[in-house]
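Just so it is clear, the values below take in all heavy atoms, side chains as well, and ignore hydrogens, waters and symmetry mates. Being a predicted model, the structure only gives us computed values, none of them experimental.
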Amino acid sequence: MMEAQVTNDKQGALNMLLGALIGILALLLYLFLGSRNETLEVQKLLTSKVEQFASTQLKLDSISTVLDAKIAEVRKLGGSVTELERIRRQLANDKKKLKYDLAFSIQKYNLKIRDYKNFLALHEADIHKLKTENGSLLSRTRALEEEKQTILSENEGLKHEKAALAETVIDYSRQNADLANKVTLASAMKAVNVEVIALATNGKERRGTPLKASRIDRLKITFIMPSNPVALLNDKDIYLRLLDANGAVVSESGLGGVLMIEGREIGYSMRQTVPFENNDQRVDLFFRRDGVYKPGTYTVELYAEGLRIGGGRFDVK
């Protein structure tokens, strides 16, 4: 009986120890499973946070890229980028904070991202308006450039026309000058068959050459003025220019003077007014000087209406 009792006590103690071990194992299993579940939840939470963080950073980078493109576009269009650059600085600051934000909240950054997107959407309308204005300005500029080129072409044409007109006027002036010169030459008097005759004190004429100086009291210069259908029938001033052997003008006090021929002044010996009758009339000029004629060859030049009309030579011994 005693042995049976001891055996039962041992069996009961063993059962209690076994139950305790089973309880401890159950507790450990419970604790292990609970810890594992908590770790999985933490892992899931961390994974979600990382994904949200990466997504937020990607969205901010995308907005930054779009913002940079818009700044470049507005600058190209000539608009103001002050507000865009302010937003870009704010965005850069948010991106910087995101890297060190231990209390990261996806809701907070979603609000920021929404605000940035709204700003870009609103500014897109401004860019469209700026493009439209620039398009109108470009069209106006092109129109003005075309108008400028047209005006330049017209001005160039006018220059050519003006130059051609000026050349035509010059040609007409030359023609008129030539015609006037021809008319002047055509209407000019002529002195032909010029002859110098010596008159003695008694009025006796001595012809031929040489003339004796001692027998010259006066000189008679005689010539024919041929008729001219284009010459005016009026009084003609005939100028006699008598040159000695040295080319000096032979003159007498009160008779000579100066006349203008081809833009220069020349001296003359005497002047006589002759009515032009246009009938091959003979004209006689009488010249007298107090001094004695020196031996040599003398030249006679006759002028009327600014032109030389004739002349001749004679010798004195």
Side-chain angles (χ1 to χ4, degrees), residues 177-178 180-317:
D178 291 341
N181 187 47
K182 290 178 182 178
V183 170
T184 299
L185 292 176
S187 62
M189 299 295 95
K190 301 293 182 183
V192 300
N193 300 332
V194 179
E195 184 182 7
V196 179
I197 302 171
L199 297 179
T201 54
N202 59 4
K204 186 177 180 179
E205 296 184 353
R206 289 181 173 82
R207 300 173 182 271
T209 185
L211 300 174
K212 292 183 179 181
S214 60
R215 296 182 179 179
I216 300 177
D217 178 59
R218 290 182 297 165
L219 289 177
K220 177 182 178 182
I221 297 88
T222 181
F223 57 91
I224 300 296
M225 267 201 314
S227 59
N228 187 338
V230 296
L232 296 176
L233 298 177
N234 55 7
D235 292 341
K236 309 293 184 182
D237 287 331
I238 309 297
Y239 295 87
L240 168 65
R241 191 167 187 252
L242 183 61
L243 305 176
D244 63 17
N246 297 320
V249 178
V250 178
S251 62
E252 190 64 32
S253 179
L255 295 179
V258 175
L259 74 153
M260 186 71 67
I261 299 295
E262 296 181 353
R264 62 188 183 93
E265 292 182 343
I266 61 173
Y268 65 87
S269 302
M270 65 164 289
R271 182 187 66 182
Q272 182 173 320
T273 301
V274 176
F276 179 65
E277 299 171 357
N278 202 18
N279 58 1
D280 298 334
Q281 68 195 82
R282 175 172 291 279
V283 178
D284 295 328
L285 304 180
F286 295 93
F287 177 73
R288 181 174 186 174
R289 63 174 299 193
D290 294 334
V292 179
Y293 288 90
K294 295 179 181 180
T297 299
Y298 287 75
T299 302
V300 173
E301 296 178 355
L302 298 169
Y303 294 88
E305 297 179 335
L307 297 173
R308 180 173 174 171
I309 63 174
R313 292 174 181 271
F314 66 95
D315 296 322
V316 175
K317 64 177 181 178

- Run the side-chain contact (heavy atoms from CB on, under 4.5 Å) check on Lys190 and Ile309 step by step: do they pass? CA-CA 5 Å; Lys190 301 293 182 183; Ile309 63 174; 5.5 Å; no
- Task: Under the side-chain contact (heavy atoms from CB on, under 4.5 Å) rule, what do Leu242 and Ile221 come out as? Steps first, then yes or no, please.
- Result: CA-CA 10 Å; Leu242 183 61; Ile221 297 88; over 6 Å; no
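- The nearest pair of heavy atoms linking Asp280 to Pro226 is OD1-CA, 3.2 Å.
- Atom CD1 of Ile238 is separated from atom OH of Tyr303 by 13.0 Å, given to the nearest 0.5 angstrom.
- For residues 264-276, every residue pair satisfying the side-chain hydrogen bond (donor to acceptor under 3.5 Å, both in side chains) rule, not counting sequence neighbours, is listed here: Asp237-Thr273.
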- Intermediate values then yes/no, side-chain contact (heavy atoms from CB on, under 4.5 Å), Ile261 and Tyr239: CA-CA 11 Å; Ile261 299 295; Tyr239 295 87; over 6 Å; no
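- Aromatic ring pairs are classed by plane angle as parallel below 30°, tilted from 30° to 60° and perpendicular above 60°; the pair Tyr298 and Tyr293 is perpendicular.
- For the pair Glu195 (side chain) and Arg207 (backbone), a donor-acceptor distance under 3.5 Å is absent.
- In this structure, Arg289 contributes its side chain and Ser251 its backbone to no donor-acceptor pair below 3.5 Å.
- Of all heavy-atom pairs spanning Gly296 and Ala245, the tightest one is CA-CB, 4.3 Å.
- A distance of 10.0 Å separates OG1 of Thr201 from CZ of Arg218, quoted to the nearest 0.5 Å.
- Here the side chains of Val292 and Lys294 are not in contact, with every heavy-atom distance at 4.5 Å or above.
- Considering all non-hydrogen atoms of both residues, Gln281 and Pro275 come closest at NE2-O, 2.9 Å.
- Distance alone, capped at 3.5 Å, is enough to place a donor-acceptor pair between the Thr209 side chain and the Asp315 backbone.
- Proximity of Pro210 to Val316: side-chain heavy atoms (C-beta onward) are nowhere separated by under 4.5 Å.
- A donor-acceptor contact shorter than 3.5 Å is absent between the side chain of Asp217 and the backbone of Leu199.
- You'll find the side chain of Leu240 reaches within 4.5 Å of the side chain of Leu302, heavy atoms only.
- The one candidate from Val196, Leu285, Ile197 that meets the side chain to side chain contact (heavy atoms under 4.5 Å, CB included) condition with Lys220 is Ile197.
- Atom CD of Glu262 has 12 or fewer heavy atoms from other residues, nucleotides or ligands within 6.0 Å.
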- Message: Run Leu259 and Arg241 through side-chain contact (heavy atoms from CB on, under 4.5 Å) and show every step you take.
- Response: CA-CA 10 Å; Leu259 74 153; Arg241 191 167 187 252; 5.6 Å; no
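- Judged purely by atom type and a 3.5 angstrom limit, Asp284 has no side-chain atom pairing as donor or acceptor with the backbone of Thr222.
- Between Ser227 and Asn279, every side-chain heavy-atom pair lies at or beyond the 4.5 Å cut-off.
- A salt bridge between Arg288 and Glu252 is absent, with no side-chain N of the basic residue lying under 4.0 Å from a carboxylate O of the acidic one.
- Nearest heavy-atom pair, Leu232 versus Phe276, reported as atom, atom and distance to 0.1 Å: O-CD2, 3.4 Å.
- Side-chain N or O atoms of Asn246 include none that pairs as donor or acceptor with a backbone N or O of Ala248 at under 3.5 Å.
- Within 6.0 Å of the CZ atom in Arg206, the count of heavy atoms belonging to other residues, nucleotides or ligands exceeds 12.
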